[in-house]
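Worth knowing before you read on, the calculation uses all heavy atoms, side chains too, and leaves out hydrogens, waters and symmetry mates. Throughout, residue positions are numbered sequentially from 1 according to the sequence presented.
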Amino acid sequence: MNITELRYIIEIAQCGSVSAASKRLYVAQPNISKAIRNLEEEYQIQLFVRTARGMVPTREGQQFIAQARQVIQEIEGLNRKFPGNKKGTDVEMKISIPRASYASYAFGKYVEQVRDAEELRLHIRECNSVQALDNLTKKHYNLALIRMEDKYEEYYYSIIHLRGLEYEKIMDFQYRLVVNENDPLATKKLNGYEDLEPYIELIHGDSRLPNGEYLDIKETPENQNAHRRIHVYERGNQFMLLKDIPGTYMWVSPIPEELLRRNGLAQRKIEWQQRRMKDVMVYPGRKFLGEDEREFIRQLKKEAIEVSK
């Protein structure tokens with residue numbers, strides 16, 4: 001028995017199937033099935049039965065899973081109280097993030113918690129996903145939050161596995177339209193991408209796949225306005241341009257309400273915008289995570305939940 005196997009069966013109990021747990025954990029189904037067999041053989045019990053409603057815990061399975069949850073909670077409590085790689089009150093961490101306002105906002109919240117450390121050495125770099133993975137493997141960064149479109153996720157996951165890294169999902173989302181709150185575009189009815197043709201789109205100019213291919217695919221509907229664009233490489237510039245240039249817009253991940261108010265912006269959920277995205281946290285290995293990294297990830301997940309409402 002190991003902690004990973006316990007996490008697997010807890011997830012199965014929550015999802016109701018091995019396939020659903022596999023997708024949520026980003027773990028191959030055979031590995032999860034093997035974990036069930038290992039635990040059942042070790043403890044000589046049957047954990048689940050297959051029904052029309054999916055995988056349902058047996059009576060013994062329910063008791064075992066309840067105990068497993070307590071074990072996980074106890075271990076996480078020990079990790080918080082006795083972080084083995086933390087020296088005194090020093091805090092040192094290097095993080096890569098995409099150009100995501102909620103991530104930088106979460107970082108600010110995290111800094112508030114550790115600001116009294118005797119020594120504080122934090123590095124945060126905004127970059128694309130390829131650079132973020134390189135920072136982990138070549139520049140000794142602790143964490144990399146990477147962004148991917150669902151249809152490209154296999155590219156990223158293959159690179160993550162090839163480099164011996166581990167990951168966990170932070171947020172699934174669809175892009176939102178952000179504009180100046182006083183611009184007519186903030187309230188105009190939009191039926192499709194063609195309604196945006198008279199306007200100027202701001203885009204980040206350095207998104208790439210792991211194989212080096214740039215993601216500017218002209219034939220897709222969302223790229224039909226490619227002749228009216230401003231390429232930006234820094235979030236501060238994008239907010240300034242949206243405020244100062246009438247008729248500009250940008251597709252973004254959800255932005256915290258406080259940042260919208262501060263910058264005089266409005267964001268809109270557009271139902272026909274079908275690009276599905278996810279942000280994933282990547283690290284060298286969960287066993288190498290110290291309390292500082294874990295606390296930042298907790299803060300990030302908390303903010304992701306808030307902006308997704």
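- Counting heavy atoms from C-beta outward, Glu166 and Tyr283 have side chains that approach closer than 4.5 Å.
- Proximity of a side-chain donor or acceptor of Trp272 to a complementary backbone N or O of Leu190 within less than 3.5 Å is detected.
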Query raised in the report: Could you walk me through whether Met148 and Val280 pass the side chain to side chain contact (heavy atoms under 4.5 Å, CB included) check?
Result: CA-CA 8 Å; Met148 63 186 76; Val280 174; 3.9 Å; yes
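- Listed by chain and residue number, Tyr26, Tyr167 satisfy the ring pair (Phe, Tyr, Trp, His ring centres under 6.0 Å) test with Tyr157 (two or more places apart in sequence, or in another chain).
- The same ILVMFWY cluster, assembled from side-chain heavy atoms under 4.5 Å apart, contains both Ile65 and Tyr43.
- Taking every heavy atom of both residues into account, Tyr102 and Ser253 meet most closely at CD2-OG, 4.4 Å.
- Here the side chain of Gln273 pairs a donor or acceptor atom with the backbone of Arg275 at under 3.5 angstrom.
- Annotation for Arg59: atom CZ does not count as buried by contact number, only 12 or fewer foreign heavy atoms lying within 6.0 Å.
- Looking at Tyr156 and Val282, their side chains never come closer than 4.5 Å, going by heavy atoms from C-beta outward.
- The hydrophobic clustering, which links ILVMFWY residues whose side-chain heavy atoms are closer than 4.5 Å, places Tyr152 and Leu165 together.
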Query raised in the report: Checking salt bridge (Lys or Arg N to Asp or Glu O under 4.0 Å) for the pair Lys278/Glu153: CA distance, chi angles, key distance, verdict?
Result: CA-CA 9 Å; Lys278 58 169 56 74; Glu153 65 181 44; 2.9 Å; yes
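- Closest of all the heavy-atom pairs between Val307 and Pro254 is O-CB, 3.5 Å.
- Contact annotation: the side chain of Glu119 never approaches that of Glu92 to less than 4.5 Å [non-hydrogen atoms, C-beta and beyond].
- Under the 4.5 Å side-chain heavy-atom criterion for grouping Ile, Leu, Val, Met, Phe, Trp and Tyr, Ile45 is connected to Val18 within one hydrophobic cluster.
- For the pair Glu126/Pro98, no side-chain contact is recorded, criterion being any heavy-atom separation below 4.5 Å from C-beta on.
- A 4.5 Å side-chain heavy-atom check between Phe64 and Leu6 finds at least one atom pair inside the cut-off.
- For the atom pair Ile146 CD1 and Ile170 CD1, the distance stands at 11.0 Å (nearest 0.5 Å).
- Between Phe107 and Tyr110, the ring planes lie tilted relative to each other; the angle falls in the 30° to 60° range.
- Nearest heavy atoms, Gln299 versus Gln113: OE1-NE2, 2.9 Å.
- The pair Arg298-Glu291 meets the salt-bridge criterion, with a side-chain N (NZ, NE, NH1 or NH2) lying under 4.0 Å from an Asp/Glu carboxylate O.
- Nearest heavy-atom pair, Arg99 versus Arg147, reported as atom, atom and distance to 0.1 Å: O-NH1, 4.0 Å.
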Query raised in the report: Taking it one step at a time, do Asn263 and Glu181 satisfy side chain to side chain contact (heavy atoms under 4.5 Å, CB included)?
Result: CA-CA 9 Å; Asn263 290 281; Glu181 64 181 355; over 6 Å; no
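- With 3.5 Å as the limit, one finds a donor-acceptor pair spanning the side chains of Tyr105 and Glu258.
- For Asn128 (side chain) and Gln131 (main-chain N/O), a donor-acceptor pair under 3.5 Å exists by modelled atom type.
- Taken from CZ in Arg176 to CD in Gln267, the straight-line distance is 5.0 Å, to the nearest 0.5 Å.
- Proximity of Ser308 to Met171: side-chain heavy atoms (C-beta onward) are separated by under 4.5 Å at one or more points.
- A distance of 11.5 Å separates OG1 in Thr4 from CG in Asn38, rounded to the nearest 0.5 Å.
- The backbone N or O of Met93 sits nowhere less than 3.5 Å from a side-chain atom of Asn142 that would complete a donor-acceptor pair.
- Looking at Leu143, Asp292, Leu145 one by one, the single match for side-chain contact (heavy atoms from CB on, under 4.5 Å) with Ile297 turns out to be Leu143.
- Within a 6.0 Å radius of CD in Glu271, other residues, nucleotides and ligands contribute 12 heavy atoms or fewer.
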Report task. Show your reasoning for whether salt bridge (Lys or Arg N to Asp or Glu O under 4.0 Å) applies to Arg163 and Asp134. Result -> CA-CA 10 Å; Arg163 297 188 184 188; Asp134 284 344; 2.9 Å; yes
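- If you chain together hydrophobic residues whose side chains sit under 4.5 Å apart, Val56 and Phe48 never meet in one group.
- Note that OG of Ser17 and CD1 of Ile12 are 8.5 Å apart. Values are rounded to the nearest 0.5 Å.
- Distance check: Leu202 CG to Met240 CE gives 10.0 Å after rounding to the nearest 0.5 Å.
- Note that CG of Leu242 is 4.5 Å distant from OG1 of Thr248, once rounded to the nearest 0.5 Å.
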Report task. I would like to know whether Ile36 and Met55 meet side chain to side chain contact (heavy atoms under 4.5 Å, CB included); could you show each step before the answer? Result -> CA-CA 12 Å; Ile36 297 174; Met55 298 279 284; 4.1 Å; yes
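- A salt bridge is absent between Arg37 and Glu40: the closest approach of a Lys/Arg side-chain nitrogen to an acidic carboxylate oxygen does not fall below 4.0 angstrom.
- One hydrophobic cluster holds both Ile3 and Ile32 under the rule that ILVMFWY side chains link at heavy-atom gaps under 4.5 Å.
- Arg268 places a side-chain N or O within donor-acceptor distance of the main-chain N or O of Leu185, the cut-off being under 3.5 Å.
- Between Phe296 and Met281, the closest side-chain pair of non-hydrogen atoms falls below 4.5 Å.
- Annotation for Arg69 and Ala13: closest pair NH2-CB, 4.4 Å, computed over non-hydrogen atoms.
- When side chains are defined from C-beta on, Leu136 does not count as touching Ser96, because their heavy atoms never get closer than 4.5 Å.
- Minimum heavy-atom separation, Lys188 to Asp195: NZ-O, 4.1 Å.
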Query raised in the report: Step by step, would you call Asn135 with Arg125 a side chain to side chain contact (heavy atoms under 4.5 Å, CB included)?
Result: CA-CA 10 Å; Asn135 288 342; Arg125 181 181 180 186; 3.6 Å; yes
**Report entry** salt bridge (Lys or Arg N to Asp or Glu O under 4.0 Å) between Arg286 and Glu168, intermediate numbers included
**Finding:** CA-CA 10 Å; Arg286 177 167 287 277; Glu168 60 184 280; 2.5 Å; yes
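- Here the rule is side-chain contact (heavy atoms from CB on, under 4.5 Å) with Met250, and of Val232, Ile230, Ile200, Val179 only Val232 fits it.
- For Lys34, the NZ atom counts as loosely surrounded, since its 6.0 Å shell holds 12 or fewer non-hydrogen atoms of other residues, nucleotides or ligands.
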